[in-house]
Amino acid sequence: EENDQNVLHKDASPVYQTDVNGDTGGSNTIRKGLLPEKKVVYVCSADFLSECDRIAKVPFRASITHAVIEAYGLLSRMSVVPPKPATFEEICHFHSTDYIECLQRLCQDDDPDKYDEEAEEFGLGYDCPADEGVYDSASWAAGGTLTAAEQLVSGQCSVAINWAGGWHHAKRDSAAGFCYINDIVLGILKLRTKYDRVLYVDIDLHHGDGVEDAFCATSKVMTVSFHKYSPGFFPGTGNLSDTGIGKGAGYTVNVPLNEGCQDENFYRVFEKVMDIVKIKFDPEAVVCQCGADGLAGDPMDSFNLTTLSLAKCVQYLLTWNIPLLLLGGGGYHIPNTARCWTHITSVVTGTKLSSDIPEHRYFTLYGPDYDLMISPGNRADTNTPSHIKNVIAQISDRPDLFVCKIHIKQNVSED
Ligand SMILES: O=C(CCc1ccccc1NC(=O)c1cccc(C(F)(F)F)c1)NO
Ligand SMILES: [Zn+2]
């Protein structure tokens with residue numbers, strides 16, 4: 001019966017399936033018999049895309065991703081909200097004014113010898129160049145995450161998406177790993193104005209060190225990062241033994257994984273760890289950084305994931321029915337990253353997509369199969385069953401980890 005309804009609708013892309021009662025979707029659709037409609041906010045505008053397209057390490061990734069989401073007709077399933085760039089004052093709710101003033105100054109200076117020792121002190125230089133436009137694109141990306149978080153706080157939606165956010169390495173007073181402004185920390189601080197316990201989940205290939213550092217000493221924000229951990233691999237932090245300090249002891253979770261990790265192991269570990277996190281921390285809101293540099297085919301060439309496991313992780317978080325903020329991050333095979341975040345957007349909007357990518361402006365990037373799905377490479381998954389078992393056991397059996405407290409609504413909200 002559902003197949004009869006795969007009719008083409010004038011206002012949807014040819015591949016866009018209808019839902020059970022024949023509608024092509026849209027926020028005013030009354031959907032019977034499906035998961036209760038989750039209102040989804042998608043942060044986007046022409047200015048936002050053109051500014052985020054200038055992020056040096058992922059040129060035009062913002063527009064390329066948006067174009068596939070649009071080609072599949074997914075915009076009609078979400079409410080599109082235009083962001084503003086984050087202001088200096090908003091950015092300094094986390095970052096030091098000295099660092100941000102230095103970043104602004106260097107981005108306006110076109111002298112190749114501008115990197116003085118102050119620049120070095122703030123991590124600005126050859127590995128994190130402060131080129132013209134870096135401050136603008138970073139403040140627009142951060143504005144997108146703040147807008148998304150504000151939509152959740154004001155109750156306008158249950159899921160909010162900023163695929164141009166997720167810059168998890170930036171520190172309070174330094175740039176790192178091509179991250180200049182930590183939009184994730186700013187978004188979490190915004191969510192904390194309403195929610196007492198906020199969970200951060202990071203499924204990027206790399207350890208989410210900047211977010212972990214920001215909240216390692218508080219029990220109000222738990223950070224959970226799944227990442228490749230091996231000698232010499234950036235940033236080098238995020239071992240199992242890294243569990244938080246002071247009042248935050250037990251509220252930092254790190255899941256170190258080895259080379260070649262594939263979907264089955266990745267999702268198995270994710271589900272086991274998150275089951276425990278849900279019980280012990282009982283979050284009121286969750287932020288997920290969906291970095292796609294762990295995908296097969298990424299030039300990072302480290303993990304061997306497909307979009308299926310990353311989408312399943314987000315699907316899992318949706319079942320918690322708490323406010324969910326979805327962000328981008330790494331992802332340097334740009335067509336695969338666009339495939340991944342389109343797949344996740346379809347999961348969040350409850351939309352089945354054909355795997356044939358519709359014709360659109362960047363269609364040629366998806367050849368020769370023009371398929372939404374990707375295949376794993378044939379590199380071995382070096383995460384042995386005993387490694388996986390050991391990681392899960394160490395997290396679930398640790399006494400200090402997220403000491404299980406009865407969460408009584410407290411009027412003193414700060415630690
Ligand atoms: O993706 C990251 C950090 C990436 C990073 C950190 C520290 C040093 C270098 C990098 N990034 C790269 O090496 C990089 C970035 C973009 C594209 C490439 C490519 F050359 F592999 F394509 C490589 N975090 O989630
Ligand atoms: Zn990464």
Side-chain angles (χ1 to χ4, degrees), residues 52-62 64-65 120 122-131 133-134 137-138 141-142 145 162-171 174-185 187 200-214 223-238 254-261 266 270 287-307 309-310 313 326-341 344 365 374 377 379:
C52 295
D53 280 346
R54 294 170 62 190
I55 297 173
K57 288 294 173 185
V58 283
F60 301 105
R61 192 180 70 177
I64 290 167
T65 301
E120 290 295 304
F122 293 124
L124 297 168
Y126 300 97
D127 51 356
C128 293
D131 297 333
V134 160
S137 53
T145 298
N162 174 20
W163 291 131
W167 304 102
H168 58 174
H169 296 307
K171 306 294 187 303
S174 95
F178 307 121
C179 302
Y180 298 86
I181 296 173
N182 200 312
D183 63 292
I184 308 169
V185 172
Y200 173 65
V201 185
D202 188 311
I203 57 179
D204 189 287
L205 174 68
H206 299 90
H207 175 224
D209 57 345
V211 188
E212 178 183 297
D213 288 359
T223 60
V224 185
S225 179
F226 301 80
H227 47 267
K228 175 179 169 182
Y229 182 79
S230 82
F233 185 74
F234 185 88
T237 48
N254 280 297
V255 187
L257 295 166
N258 302 322
E259 267 291 302
C261 193
F266 189 83
F270 180 90
V287 178
C288 186
Q289 195 267 22
C290 306
D293 43 4
L295 292 176
D298 193 278
M300 285 292 162
D301 198 24
S302 293
F303 280 176
N304 194 8
L305 302 173
T306 77
T307 65
S309 55
L310 300 184
C313 292
L326 291 177
L327 302 172
Y332 306 105
H333 184 295
I334 291 179
N336 280 1
T337 301
R339 287 180 164 102
C340 182
W341 294 343
I344 292 174
L365 294 177
I374 65 172
R379 269 185 316 111

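Whatever order the structure lists ligands and atoms in, that order sets their numbers, starting from 1.
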Options Phe178, Trp167, Phe234, ranked by nearest heavy atom to atom 9 (C) of ligand 1, top entry: Phe178
Does CZ in Phe60 sit with more than 12 non-hydrogen atoms of other residues, nucleotides or ligands closer than 6.0 Å? no
For atom 1 (O) of ligand 1, closest protein heavy-atom neighbour: Tyr332 OH, 2.4 Å
Which atom of Asp293 approaches the Zn ion (ligand 2) most closely (N/O/S): OD2
Is there a side-chain contact between Asp202 and Val211, using heavy atoms and a 4.5 Å cut-off? no
Starting from atom 23 (C) of ligand 1, find the nearest protein heavy-atom neighbour and note its residue, name and distance. Met300 CE, 3.8 Å
Proximal atoms of ligand 1 relative to His168 (non-hydrogen, under 4.0 Å): 24 (N), 25 (O)
Any donor and acceptor pair, going by atom type alone, linking the side chain of Asp298 with main-chain N or O of Tyr332 inside 3.5 Å? yes
Check: Leu295 and His333 side chains under 4.5 Å, non-hydrogen atoms: no
Here the atoms of ligand 1 under 4.0 Å from any heavy atom belonging to His206 are 1 (O), 2 (C), 3 (C), 24 (N), 25 (O)
Spell out, as yes or no, whether a donor-acceptor pair under 3.5 Å connects the side chain of Asp183 to the backbone of Gly166. yes
Measuring from the Zn ion (ligand 2), name the closest N, O or S atom belonging to His206. ND1
Numbering as shown, the atoms of ligand 1 that approach Asp204 to under 4.0 Å (heavy-atom distance): 24 (N), 25 (O)
Assert yes or no for the condition that the ring centre distance of His206 to Phe233 is strictly below 6.0 Å. yes
Counting each atom of ligand 1 from 1 as listed, which ones have a heavy atom of Asp293 under 4.0 Å away? 1 (O), 2 (C), 25 (O)
The Zn ion (ligand 2) to Asp204: nearest N/O/S atom name: OD1
Among all protein non-hydrogen atoms, which one is nearest to atom 21 (F) of ligand 1, and what is the separation to 0.1 Å? Pro299 CB, 3.2 Å
Protein heavy atom at shortest distance from atom 3 (C) of ligand 1: His169 NE2, 3.6 Å
Can you tell me if Asn254 and His207 form a side-chain donor-acceptor pair at under 3.5 Å? yes
Protein heavy-atom contact under 4.0 Å for atom 25 (O) of ligand 1? yes
On a heavy-atom basis, which atom in Thr145 and which in Leu327 lie closest, and how many Å separate them? OG1-CD2, 3.5 Å
Atoms of ligand 1, numbered as shown, that sit under 4.0 Å from any heavy atom of Gly177: 3 (C), 6 (C), 7 (C)
Any nitrogen or oxygen of Gln289, main chain or side chain, under 3.5 Å from a nitrogen or oxygen of ligand 1? no
Assign the ring pair Phe266 / Phe270 to parallel, tilted or perpendicular, where the plane angle (0 to 90°) is split at 30° and 60°. parallel
Please indicate whether any nitrogen or oxygen in Lys57 is less than 3.5 Å from any nitrogen or oxygen in ligand 1. no
Between Asp209 and His169, a side-chain donor and acceptor under 3.5 Å: yes
